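Atom set for the values below is all heavy atoms of this structure, side chains included, hydrogens, waters and symmetry mates excluded. This one's a predicted model, so the numbers in the text were calculated from it and none came from an experiment.
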Amino acid sequence: KESSIEVDKDSGWKYKFESLPKYKAGKEIKYTIKEDAVKYYESQVDGYNLINNYVGEKVQVMGHKTWKDNNNKAGKRPNSIKVNLLADGKVVESKKVSQKDRWTYEFDNLAKKKDGKVVKYSISEEKVKDYKASTNGYNLINTYTGKIVKTGNEYTIVIALLSISSVLGLGYRYTRRV
């Protein structure tokens, strides 16, 4: 059976449970305490004492990777990228992100303030060859800057059509007059 007591500043943050049975069915009862979650605090139990540590308000950074590369027509898109989380301009955490993650990422449980000042979070990524990176808020955008090399398939089709047309007599004749 659970019992609860509400404590506050007026009670000096003290609590006491009295008249609790020592035994139940011939066995000694082991009592424990726990505290309901308190916003911006982490709670620790030390014997029958509670210790609350202020952790402050937490925030989350979420983003998505967009590829502007004509659906990877050049075949240069990497299998994964490395996204960096920066706090006030310094990298504090990195994550590998891939198609498996649907090119989305998030960083959780981040301190909103440090030393009384709001932390400015931003993101970056490690350079991806043949792509120009940009950001839009916490979203990353990579635009393909390389050239799409023709594979020869386009030319093969044209040559095949010209060959078929000449066999069928559909070709044209080039005459040079002097």
Can Glu18 and Lys16 be counted as an ion pair, charged N to O under 4.0 angstrom? yes
Identify the two heavy atoms, one from [X] and one from [Y], that lie closest to each other, and give their separation to 0.1 Å.
| X | Y | answer |
| --- | --- | --- |
| Ala111 | Val59 | O-CG2, 4.2 Å |
| Glu106 | Gln60 | OE2-NE2, 3.2 Å |
| Phe107 | Glu93 | CD2-CD, 3.6 Å |
| Ala87 | Val92 | CB-CG1, 3.8 Å |
| Glu125 | Asn142 | OE2-OD1, 2.6 Å |

Please check: side-chain N/O of [X] versus main-chain N/O of [Y], any donor-acceptor pairing under 3.5 Å?
| X | Y | result |
| --- | --- | --- |
| Asn72 | Lys76 | yes |
| Asp8 | Asp10 | yes |
| Asp88 | Lys120 | yes |

Within a 6.0 Å radius of atom NZ on Lys112, are there more than 12 heavy atoms belonging to other residues, nucleotides or ligands? no
Greater than 12 external heavy atoms within 6.0 Å of Lys117's NZ: no
[X]-[Y] side chain donor-acceptor pair, cut-off 3.5 Å:
| X | Y | value |
| --- | --- | --- |
| Gln44 | Asn49 | no |
| Gln99 | Asn79 | no |
| Asn53 | Glu42 | no |

Would you indicate whether the side-chain heavy atoms of Ile81 and Lys65 approach each other to under 4.5 Å? yes
Under 6.0 Å between the ring centres of Trp67 and Tyr131? yes
To the nearest 0.5 Å, tell me how far [X] [atom1] sits from [Y] [atom2].
| X | Y | atom1 | atom2 | result |
| --- | --- | --- | --- | --- |
| Ser43 | Lys34 | OG | NZ | 11.0 Å |
| Ser4 | Ile33 | OG | CD1 | 13.0 Å |
| Asn84 | Lys90 | CG | NZ | 15.0 Å |

Could you walk me through whether Arg77 and Asp69 pass the salt bridge (Lys or Arg N to Asp or Glu O under 4.0 Å) check? CA-CA 8 Å; Arg77 187 184 297 175; Asp69 61 1; 2.6 Å; yes
